[in-house]
Structures are given as structure tokens and as C-alpha cells.
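Down below is the structure, laid out as C-alpha cells.
Atoms within each ligand, like the ligands themselves, are counted from 1 in listed order.
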Amino acid sequence: MSSHIALHLDEVRQRIAKAAAEASREPASVALLAVSKTFPAGDVRAAFDAGQRAFGENYVQESVAKIAELADLRSEIQWHFIGPLQSNKTKVVAENFDWVHSVDRLKIAERLSAQRTDGMAPLNVCLQVNVSGEESKSGVAPEEASAIAHAITALPNLKLRGLMSIPEPAATLDEQRAPHKRLRELMDTLRADGLELDTLSMGMSADIEAAILEGATMVRIGTAIFGARDYSN
Ligand SMILES: *Cc1c(COP(=O)(O)O)cnc(C)c1O
């Protein structure tokens, strides 16, 4: 039933290795986040058995149920929350996840820090940036990123790791590269400004190569590993 997952994971690892070679980068400098939203715990387990350890989820209720179902693997899996996050859901996320990529307001960061469970490691976070400039997209405007990033570093239970983006889909490699380049340049600026950031979370199934050519250190891949998503239930 889930043997395709091991094969697909292998294909994705090969795409990463090839793109890294083209960019003269080490394949190990690109972490693979397997995005398991809408897929059952059994599929996560199949990917785990094929060596995958980092998983991304978008929906709070769905992910918490899945994390509970996979409690036996909890110490070995890294759970990353990558979906839109409302303030009334921050507590559950702060208590259950290792990373949040979708921080797009200081208020959300403050709540995550305040609600992080005592004794747990700091929650790793990325600031989501809107690099496409679409009105409808979430993420902070590039001009606002520096001020918010600095404010996040003052929060005790968060560790700001870097930037994340979800650019508009684009057909050609050059068009795909442009927004990824903007995110990388923004991260370079923030680092030059003294922030210690090591994560550029960008690239999905359709644009892994463009993201890696522009410096992605973590690609978030769902469809190419688990298949097409069915939202009907
Ligand atoms: C669903 C999702 C992905 C994975 O997208 P695919 O195109 O299926 O690889 C990556 N990042 C975010 C934020 C997502 O919501």
C-alpha cells in the first residue's frame, strides 16, 4: 500500500543531490522536510521506515492526532508546523512541535514563546516572508522583516532559525528562481545585520531545483513523496 513512498523518497533525494551538484553545494546542506498533511499516520511511518525523520504539517487538529498516533516515534521525529497559524491555536502548536515555519506576526511569536512547555527545548521558528507581493499571501513584507526578526530574537523560548516563503507558482526555472533569490538576499542582509540565521525554508515539489540553486537549506516536499492530496474528507 505505501511502498510507493520509499520509491518517491528516493527520487526526491536524487533530485536534491542533482540540483545541489549543479549549484556546487553539498547534498547534505539541503534538508528534506516531508510534508504529510492530509496523509495518514501510516504513510508517515512508511517514510520513517525509509529513513525520513522531519515531517511538516499544516492543520493543527489533524497534526496533533497524527503526532499522538506516532507517539512511539516521537523522540526520533522532528515535527514542523508550516501552515497558517491563528492565535487561538498557538498553545497546541507550542506544546507539540519542534519547529514553526509560518510565523508572520510578532503577536504569534510572543504567544508561542509564552506557551512553550517548561523544560522543552526552545521552539525553532522561521519568519514567513511574502516575496511575491500578492495581496492575498500571508507573510511579512520584506521591508518589515528586519524589525520583526530582531524582536523575535528577544523572546526567551524561541530560536529564530531563518526565513520561509511560499512564492506564487511559476512555469519556468528563471521565474521560479526570482522570488527565491529575493528571500536569500534578504537573509544575507539580516545576517550582515548581526542575526545568526541558518535556515532558508523554500522550495516545494514543483520548484525544488530553483530553490536549491538559490540557496535553500530546507525544502518542503509533499506531493512528490506522498502523492496528490485529496481534500474531500
Ligand atoms: C503543502 C505545502 C508544501 C508541499 O507542497 P507540495 O507541492 O505538495 O510539495 C510545502 N510548503 C507548504 C507551506 C505547504 O503548505
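Comment: E214 engages R177 in a salt bridge, judged by a side-chain N to carboxylate O separation of less than 4.0 angstrom.
The hydrophobic cluster containing I166 does not contain I225, counting ILVMFWY residues as joined when their side-chain heavy atoms lie under 4.5 angstrom apart, directly or transitively.
In this structure, the side chain to side chain donor-acceptor pair (under 3.5 Å) partners of R15, at least two apart in sequence or on a different chain, are E209. Every residue meeting the side chain to side chain donor-acceptor pair (under 3.5 Å) condition with S29, not counting sequence neighbours, appears here in chain and number order: R25. Listed by chain and number, the residues in a side-chain contact (heavy atoms from CB on, under 4.5 Å) with S75 amount to none (sequence neighbours excluded).
One finds the OG1 atom of T90 at 9.5 Å from the CD atom of E95 (value rounded to the nearest 0.5 Å).
Under 4.0 Å from any atom of ligand 1, one finds heavy atoms of residues V35, K37, N58, I82, M164, I166, M204, S205, R220, I221, G222, T223, R229.
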